[in-house]
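I have placed the structure first, in the form of structure tokens, so that the comments after it can refer back to it.
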Amino acid sequence: MMAAAAAAALAAADPPPAMPQAAGAGGPTARRDFYWLRSFLAGGIAGCCAKTTVAPLDRVKVLLQAHNRHYKHFGVFSALRAVPQKEGFLGLYKGNGAMMIRIFPYGAIQFMAFEHYKTLITTKLGISGHVHRLMAGSMAGMTAVICTYPLDMVRVRLAFQVKGEHTYTGIIHAFKTIYAQEGGFFGFYRGLMPTILGMAPYAGVSFFTFGTLKSVGLSHAPTLLGRPSSDNPNVLVLKTHVNLLCGGVAGAIAQTISYPFDVTRRRMQLGTVLPEFEKCLSVLETMKYLY
């Protein structure tokens, strides 16, 4: 779940470090803006690279989650072999173009919303520390998801298509067809509710698991797993590779717990493409049908 993972990462992120003002340079505000611009561009490019790398797995996940009739009897690895055989190597990357288009507006909206919500929560509610970053990150993630959700809908529709049975010829055609045939603007928001519902347990479990792993690791093996913080040598933080490992484990556990919402979302997003779409019109109906 890109949305929940990004929200969790934003919430956990520390604010940009204070930078000394050099002679003739812009003030602190200009440097802070430059910091966020660099972070936004770096994050967007990194996101594009990461999503393109895992695009074959993501395509297979969509096919298997919605039981595409050509691949529903395959497992993950057999499907990864079968897709190129049936649709060519580029068949593994169907829908990736819409994902690439989505990444930058998603990141921009999330960054702006995060700063706005963080200020709002601090000034209006008087909450600070990790709690206010968690709340601001979650709210920013939800805002970005809602604003860019139509692109995710189109991506899933394109990824579910199989060579020779195309309903949509491309991103623009998919937008036009969904708008014309599925209730106009609201047709692009099928499956939004399970997406939002799935973000809460994902963020909560991810933060709790990561915090637990960090505390246990630093208390039982501080020399092996920890290092002095660059800001405060008296404070131990996890080494970079250990931090990544703990984050990966926390993300995997959180993804597993919130996975039913992800499957529900996919079924609702595909809508009329599926033969059983009349059983997947709402969250409760879809979950009842699936489970």
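Values reported hereafter were calculated over all heavy atoms of this structure, with side chains retained and with hydrogens, waters and symmetry mates removed.
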- Message: Can a side-chain donor-acceptor contact be found between Glu278 and Tyr289 if the only test is distance below 3.5 angstrom?
- Response: no

Tell me yes or no: between the side chains of His166 and Lys94, is some donor less than 3.5 Å from an acceptor? yes

Flag, side chain of [X] to backbone of [Y], donor-acceptor distance under 3.5 Å:
X      : Y      : answer
Tyr189 : Met153 : no
Arg59  : Gly95  : no
Arg157 : Gln269 : yes
Gln161 : Thr167 : yes

Original post:
Does a salt bridge link Lys288 with Glu285, judged by any charged N lying under 4.0 Å from a carboxylate O?
Top reply: no

[X], [atom1] atom: more than 12 neighbouring heavy atoms under 6.0 Å:
X      : atom1 : answer
Tyr93  : OH    : yes
Met193 : CE    : no
Lys239 : NZ    : yes

Are any of the side-chain heavy atoms of [X] and [Y] separated by less than 4.5 Å?
X      : Y      : answer
Thr143 : Tyr117 : yes
Met100 : Lys51  : yes
Arg267 : His67  : yes

Evaluate side-chain hydrogen bond (donor to acceptor under 3.5 Å, both in side chains) for Thr272 paired with Gln181, printing each intermediate quantity in order.
CA-CA 9 Å; Thr272 56; Gln181 299 181 2; 5.9 Å; no

For Leu192 and Tyr149 the tightest heavy-atom approach is N-OH, 3.3 Å

Could you give the side-chain donor-acceptor pairs of residues 207-216 under 3.5 Å, partners two or more places apart or in another chain?
residue, atom, partner, partner atom, Å
Thr209, OG1, Val205, O, 2.7
Thr212, OG1, Phe208, O, 2.8
Ser215, OG, Gly211, O, 2.9

**Prompt:** Yes or no on ring-ring contact (aromatic ring centres under 6.0 Å, His included) for Phe188 and Phe175, after CA distance, side-chain angles and deciding distance?
**Reply:** CA-CA 8 Å; Phe188 293 110; Phe175 269 108; 5.3 Å; yes

Phe160 with Leu57, same ILVMFWY side-chain cluster at under 4.5 Å
yes

Result for side chain to side chain contact (heavy atoms under 4.5 Å, CB included) between Val156 and one of Leu151, Asp58, Leu270 points to Leu270

